[in-house]
Amino acid sequence: MERFKNKVCLVTGAGSGIGRATALAFGQEGAKVVVTDVNLENAEKTAEILRGQNVEVLTLKIDISDREEVENMVKKTVDTFGRLDCAVNVAGIAGTLSLPTHAYPMDEWHKQINVNLNGTYYCVKYQIEQMLKQGGGSIVCVSSAAGLRGQPYNVPYAASKHAVVGLVKTAAIEYATQNIRINAICPTAIETPMIMEGRRKLAYNPEALEAAKNYQAMKRMGQPEEVADVALYLCSEQASFMTGHALPVDGGAFA
Ligand SMILES: NC(=O)c1ccc[n+]([C@@H]2O[C@H](COP(=O)([O-])OP(=O)(O)OC[C@H]3O[C@@H](n4cnc5c(N)ncnc54)[C@H](O)[C@@H]3O)[C@@H](O)[C@H]2O)c1
């Protein structure tokens, strides 16, 4: 399939996990890919794989919580490739602490809100601005299962991911008649560095790993490619009548 032939597709957080899988999937389907991440070394690794497959790539070091960098990200995309057809906003952080709501340190609260909510808002804001100029486009934001239900002991994560769903639904309504679709995806446990090495360190904690698998009806974690496939579907013409969704990618967890 080459659903994105000659389309310009941008991915944030493309240096790892779900973002890398999404960037590679766009490349396989004929897109020109804008690979962005705050970690330039990892973004370059993703770009290297794409170039090896003869995909046209622009690589950018972008911290999404910096509004000017995000504005520049869209500008450089347009300067290089002339337009922006699809954007998948994957970049996010889950924090390192497990604490009850009243005890969560303020700096950690602000850090997660800054990246997951403010950062995603900056992305959507400048992506929409460009899509309005060119007459349309499609955006997907990666929220989480924690954007649909509470996640005990990680309130900034759950609050910021719920807010991403509100941002997506509101923007979806506002631009629905202007040929811009915007959807969210809400994955449960996906096997990436964030979950294996991060807050819950599943790679070193067999009990927590079992619990993470059992959260899904399928009794396994998802793979980043399985989330990328849903992101590409939502960006594609096959989802032309879908906007404003917060779609679980969840191995049956929400059933
Ligand atoms: N892995 C899961 O189980 C899971 C479940 C639900 C939602 N998610 C969400 O999916 C997204 C991707 O997660 P992942 O599991 O692939 O994690 P990951 O840690 O493997 O990848 C996240 C990427 O985002 C980048 N990033 C972090 N902060 C950034 C910033 N300020 N600006 C730009 N880039 C930044 C990191 O450098 C990294 O490359 C996140 O938004 C996460 O909250 C993950």
Side-chain angles (χ1 to χ4, degrees), residues 10-25 34-47 59-73 87-96 110-124 140-149 151 154 156-165 167-168 184-203 208-209 211-213 215-216 220-228 230-231 246-251 253-254:
L10 178 151
V11 183
T12 70
S16 177
I18 295 167
R20 174 174 286 169
T22 303
L24 297 182
V34 185
V35 172
T36 81
D37 201 295
V38 71
N39 183 328
L40 183 61
E41 203 182 320
N42 284 346
E44 290 287 8
K45 283 184 195 153
T46 304
T59 313
L60 299 172
K61 179 183 187 302
I62 300 293
D63 177 351
I64 60 161
S65 67
D66 183 319
R67 190 193 56 76
E68 283 180 15
E69 283 190 24
V70 174
E71 184 175 17
N72 211 26
M73 169 180 87
V88 182
N89 298 314
V90 185
I93 53 173
T96 54
H110 286 303
K111 204 161 135 189
Q112 286 197 52
I113 297 291
N114 258 338
V115 175
N116 295 346
L117 175 55
N118 295 344
T120 304
Y121 172 63
Y122 302 147
C123 291
V124 166
V140 170
C141 295
V142 178
S143 172
S144 169
L148 299 173
R149 55 191 304 188
Q151 186 174 89
N154 202 6
Y157 189 72
S160 59
K161 291 296 188 178
H162 271 74
V164 167
V165 171
L167 160 63
V168 162
I185 46 185
C186 300
T188 51
I190 309 300
E191 197 174 342
T192 69
M194 174 182 278
I195 193 167
M196 299 308 286
E197 312 285 335
R199 189 174 73 97
R200 288 190 292 156
K201 298 201 171 21
L202 298 188
L209 179 64
K213 289 180 182 170
Y215 187 82
Q216 287 72 225
R220 67 170 178 89
M221 284 196 275
Q223 293 303 310
E225 293 75 16
E226 294 179 290
V227 182
V230 178
L247 192 62
V249 184
D250 69 339
F254 278 84

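Each ligand, and each atom within it, is numbered from 1 in the order the structure gives.
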Worksheet item: Under 3.5 Å, side chain of Q216 to main-chain N/O of A212, donor-acceptor pair present?
Response: yes
Fill in: Student check: side-chain heavy atoms of Y122 and I64 closer than 4.5 Å
no
Discussion item. Please identify which of these residues, V90, I18, V140, V35, meets the side chain to side chain contact (heavy atoms under 4.5 Å, CB included) condition with V11.
Written reply: V90
Discussion item. Please determine whether the number of non-hydrogen atoms from other residues, nucleotides or ligands lying under 6.0 Å from atom CZ of R149 exceeds 12.
Written reply: no
Worksheet entry | Donor on one side chain, acceptor on other, S160 and Q112, under 3.5 Å | no
Worksheet item: Looking at side-chain heavy atoms only, is the closest gap between L40 and E44 below 4.5 Å?
Response: yes
Worksheet, complete the sentence: Residues with a heavy atom under 4.0 Å from ligand 1, by chain and number, are G13, G15, S16, G17, I18, D37, V38, N39, I62, D63, I64, V90, A91, G92, I93, V115, V142, S143, S144, Y157, K161, P187, T188, A189, I190, T192, P193, M194, I195
